[in-house]
Amino acid sequence: MLKDKTIVLGMTGSVAVYKCCELIRLLKKAGADVHTIMTESAAEFVTPYLIEELSQNKCITDTFERVATFDVKHISLANRADMFVVAPATANIVGKIANGIADDMLSTTIMATKAKKLIVPAMNPNMYSNPIFKANVKRLQQYEDYIVMDAASGEMACGDVGQGRMPEAKQIFDFIERNIETDRPLKGKRVLVSCGATQEAIDPVRFITNHSSGKMGFAVARAAASLGAEVTIIKGNTTAEIPYGMNIVGVKSALDMFNAFKAHYEESDYIFMAAAVADYTPLKKAENKIKKTDGDMNIELKRTDDILKFLGEHSDGKRKICGFSMETENLLNNSRKKLLSKNVNMIAANSISEAGSGFGTDTNKMILITENENRELPLMSKDDCALEIVKTLIKL
Ligand code: CTP
């Protein structure tokens, strides 16, 4: 989602500027071209040389000789930015932007850019609750191209406790990813995504599960959110990092997941069923821990409900549904059978025997199966793959 996007990161004087190192690393890892501007006081906390090392681009600061060299560059940066992020944003820079003051490199470049601007405040709780600061934030929020993130609560570097902390780098990163697309076809739409593995209890200490990490489902959720959707995730057991800012419904068993879907599916416009749901569950869950004996043992299993099939049968064309299919053989035939038997609009199929595909990997090689087409995607990151899956379903 951030591949080949240009992010300009403006940093002002707050101790939270150290979090920008991790933010730049995350943005670079996602394929973004990151350019940076530091106010003089930001450069007191972290050196521009470290920032340059991380971003692999010159860091523009306010010292005059550097301004002279990069004067033209900063206007071209203002033009090139897909998003302009100010993090940490002090009360001072928020006040300047809200009142049209452009008296240094950062405020001048912000004034010159037509890109979407994300302001990430970081300040002492008393400053954060100051009505003048609040009025400046309100003023910025009147303009469509300004987004102001809420500060986090907790203990500040100065020892005060309250709201004013800069959110963590990963939170800012997720926020950028969710807001960078200008084309937002899912604005006002509700998307339901399931992900992760279900756990079927055998007794209070043991369960049957599978290797699903939740990575693909989370990527789909982030992709849908980046296109403007309000996303709810029905989450089984996952090991991948959970995205920020989404409604999460945690479940354990296939039955829990089915109940969660029954409670949420009717209000959704699109469903992506990426969870690896158990097809069988123990006939009985033992109340106490099963003790071993000398002999072997068998566990009797019964079928679970097919959630995707239920959703396909109960949707009457009111929502578009994408199922997922993981196979070790006959990928195309088996997956197309699922498209028909479960009555869904699309199956995103992948073979776990294919290199770079399957559980826990960062990449996937998928075939998007619809009524009239089998579209083979090249090996790509799960994020890119997710965006392709979401865009394909909404176009159907
Ligand atoms: N699925 C479901 N409920 C189940 C089992 C699977 O909703 N009880 C969904 C999965 O989330 C996925 C799709 O059905 O979106 C296909 O799952 P998969 O495990 O590939 O296939 P199954 O239908 O379970 O068939 P099989 O295991 O025989 O391949």
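Here the structure is a predicted model, which is why all the values come from computation and not from measurement. One-based numbering, in listed order, for ligands and for the atoms of each.
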Hydrophobic clusters join Ile, Leu, Val, Met, Phe, Trp and Tyr when side-chain heavy atoms are under 4.5 Å apart, directly or via other members; which others share one with Leu301?
Ile202, Ile208, Tyr280, Ile290, Met297, Ile299

For a 4.5 angstrom cut-off between non-hydrogen side-chain atoms, does Ser14 reach Met123?
no

Measure the shortest side-chain to side-chain distance between Thr198 and Val251 over non-hydrogen atoms and say whether it is less than 4.5 angstrom.
no

Parallel, tilted or perpendicular: ring planes of Phe310 versus Phe258, cut at 30 and 60 degrees
perpendicular

Value for OG1 (Thr392) from NZ (Lys395), rounded to nearest 0.5 Å, stands at 6.0 Å

For ligand 1, the residues whose heavy atoms come within less than 4.0 Å (ordered by chain, then number)
Met273, Ala275, Val277, Ala278, Asp279, Thr304, Asp305, Asp306, Ile307, Leu308, Gly323, Phe324, Ser325, Met326, Glu327, Lys338, Lys342

Hydrogens and angles aside, do Thr363 and Thr361 bring a side-chain donor and acceptor to less than 3.5 Å of each other?
no

